*Asks:* 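One structure, as structure tokens, below. Some questions next.
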Amino acid sequence: MTGKTSKQAMYLRMITASVARRKSRMLIALLAVVVGATILSGLVTIYYDIPRQMGMEFRNYGANMILVPADSTQGGMTRESIDEAASHIRSDELVGVSPYHYENLTINATPMVAAGTDLEAVRATSPYWYVEGAWPSKPGEVLVGLQEAETFSLKVGDKVTITYTVTGDDGRDAIEENPVEFTVSGLLDTGGSEEKYFFISQEDMESLTGKELTYNVAELSIQANAERLQEIADDISSSVPTVSPQVVKRLTTSESTVLTKLQALVLLVTIVVLALTMICVATTMTAVVTERRKEIGLRKALGASDRSIMMEFMGEGLLQGAIGGLFGAGLGFAFAQLVSTNVFNSSITFRPILVPITVLAALLVTGLACTIPVRNATNVDPALVLKGE
Amino acid sequence: MSLLEMKNVYKTYGDLNALDDVSINIEAGEWVAIMGPSGSGKSTAMNIIGCMDKPTSGQVLLDGQDISKLSRRELTEIRRDKIGLIFQQFHLISYLTAVENVMVAQYYHSLPDEAEAMEALERVGLADRAKHLPSQLSGGEQQRVCVARALINHPEIILADEPTGNLDEKNERIVLDLFRQLHAEGTTLVVVTHDAEVGATAQRVITLEYGKVTSEDGDISFGKGSSAIK
Ligand SMILES: Nc1ncnc2c1ncn2[C@@H]1O[C@H](COP(=O)(O)OP(=O)(O)OP(=O)(O)O)[C@@H](O)[C@H]1O
Ligand SMILES: [Mg+2]
């Protein structure tokens, strides 16, 4: 048997014995903390994931001006006119220009639409695009929108033959077909309309169609406020007659209100659940203190100060808070994952930072919940409770 | 100077004098029994001596220090440093083992020392029960743990309110034997009891009735004291 034990060691021994050996009572409080912490970490995960799930947070940094042909009956814009329009934007403002040439093509006689574009520039103008696999990096590679990938049962690495049909002047009779084999380098997941298209490089599009490309639309990402954007747009429309610039609101107001409201709801639910947890812990702790009046009286009779009584009960409460918080952090991730796969059809990433945050929140909630019951514990009169009955 | 001196102590609840002009002297090393009918104020007197309660008026000197006017906090400190308490209902902490229960007293007093706590348990004959929880101990064993807990910090005075009230004769004898040993070592003992036999083991019996001291027998260790009870 060892000699002197430190006061801290005995303190830990007492509070852990209380939590470990008085299981049933503690289990209720612990359960409340676990549930609270689970909801907290789960909902906070979802809270931060909603914008990503809705493909919006990042869209915020995407294109905010588009160029379309001034007169669409004259066909698309030339590269030159797009470049000329872009030259009206200061280089420190211009983040990227992505021209798109859309073309009706077929795969096994099934029609689809492909866009020929500058894939490098797209990465700058549409940073929110999530590519499973890789972006096309060499000729003969294609990026397939998720929706189309499903329609044509394509996955990364598959080979697919895309056919361009040269039509007669009336646009109906097929004169000649030009099939080219492509490799699927990646699948595109944006949560938006982009998932309905195939994307290939401009060079591949040129060799497929055999003609010089003109563009249906060009997306520009510009670092400027709404006022300056409008100024640029006015400047372009007056000096480049072939293109018509349009300022795009990055996030439509309705989208952003839905997002804010959804997040506010999640936050509200979290706060309500934490409040309920706190009430439950406070109630349990009050019952525990009442139940243990004799023990409190005895400790006082043995010379315990009010401070040590408070420390002991607070210690027990916080120990439960820590254990509950740890469990809750783990279960919360599982919960968020479940919600995410069922509601948003996608998985979420584990944020390690949420573990300490959840534990801290659980400690805070239990600590607050314990203050009143713990104060009551110090009011116990040893002479009264130790009296025999 | 006496170890404990009560001078004209009153404790009043409403219009009831639980203690009515009580003056008692207890010398260091003495073994005193307090007897009397139920409601006569025995526990009230014990609580005041044990610094768990304050008199309504009068003086209580412990070691020459007047404890009747101290704050709750100062009383707690004196209780911790000078007094060992034993109760009729044992009052062990249910989720701590026997040895841990003894260590709790050390914890509040100074530093927990498991080896020393084990020695105390050995002394009361419970070394082999040290790791048992109170629920796994008999009543007599629980009270012996309480004796070990009361003596662990070497208090100046051990106060026991009906220590054998819940024990059978065999266990009563074991506890009285322990008291006898403590007394032989010079510990001051004050024991409240209803039991004439327990009272007879003490050196002196103070009898209370309606809050007043009605008799204060001298050395009754020859058994004379028992006549003073009825
Ligand atoms: N907290 C209190 N409030 C009111 N009256 C009290 C209180 N404590 C004790 N009394 C009264 O004081 C008187 C003495 O009580 P005390 O507990 O000292 O008796 P006792 O001699 O220990 O009796 P017993 O042998 O039954 O334990 C009793 O009449 C009791 O009702
Ligand atoms: Mg009594």
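Quick caveat, the model's predicted, so the values are computed rather than measured.
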*Asks:* Can you tell me if A/Arg292 and B/Tyr95 form a side-chain donor-acceptor pair at under 3.5 Å?
*Replies:* yes
*Asks:* Heavy-atom count check: over 12 atoms from other residues, nucleotides or ligands less than 6.0 Å from B/Glu185 CD?
*Replies:* yes
*Asks:* Report yes if some heavy atom in the side chain of A/Arg13 is under 4.5 Å from a heavy atom in the side chain of B/Glu114; otherwise report no.
*Replies:* yes
*Asks:* Going through the checks in order, is the salt bridge (charged side-chain N to carboxylate O under 4.0 Å, His left out) test met by B/Asp161 and A/Lys387?
*Replies:* CA-CA 9 Å; B/Asp161 195 344; A/Lys387 216 188 220 158; over 6 Å; no
*Asks:* I want to check something: taking the side chain as every heavy atom from C-beta on, are A/Met14 and B/Val104 in contact at a cut-off of under 4.5 Å?
*Replies:* yes
*Asks:* Do A/Arg307 and B/Arg73 make a side-chain contact, defined as non-hydrogen atoms from C-beta onward lying under 4.5 Å apart?
*Replies:* no
*Asks:* Can you tell me if A/Lys7 uses its side chain to pair, donor with acceptor, with the backbone of B/Ser110 under 3.5 Å?
*Replies:* yes
*Asks:* Given a strict heavy-atom distance threshold of 4.5 Å, which part of B/Phe87 is in contact with chain A: side chain, backbone, both, or neither?
*Replies:* side chain
*Asks:* What residue in A/Ala17, A/Ser308, A/Ser305 has the most heavy-atom pairs under 4.5 Å with chain B?
*Replies:* A/Ala17
*Asks:* Identify the two heavy atoms, one from B/Met103 and one from A/Met10, that lie closest to each other, and give their separation to 0.1 Å.
*Replies:* CB-CE, 3.5 Å
*Asks:* Checking B/Arg149 side chain against A/Leu302 main chain: does a donor-acceptor pair fall under 3.5 Å?
*Replies:* no
*Asks:* Can you find a heavy atom in the side chain of B/Arg72 that is under 4.5 Å from one in the side chain of A/Asp306?
*Replies:* yes
*Asks:* Check whether any side-chain N or O of B/His91 sits under 3.5 Å from a backbone N or O of A/Leu386 as a donor-acceptor pair, and report yes or no.
*Replies:* yes
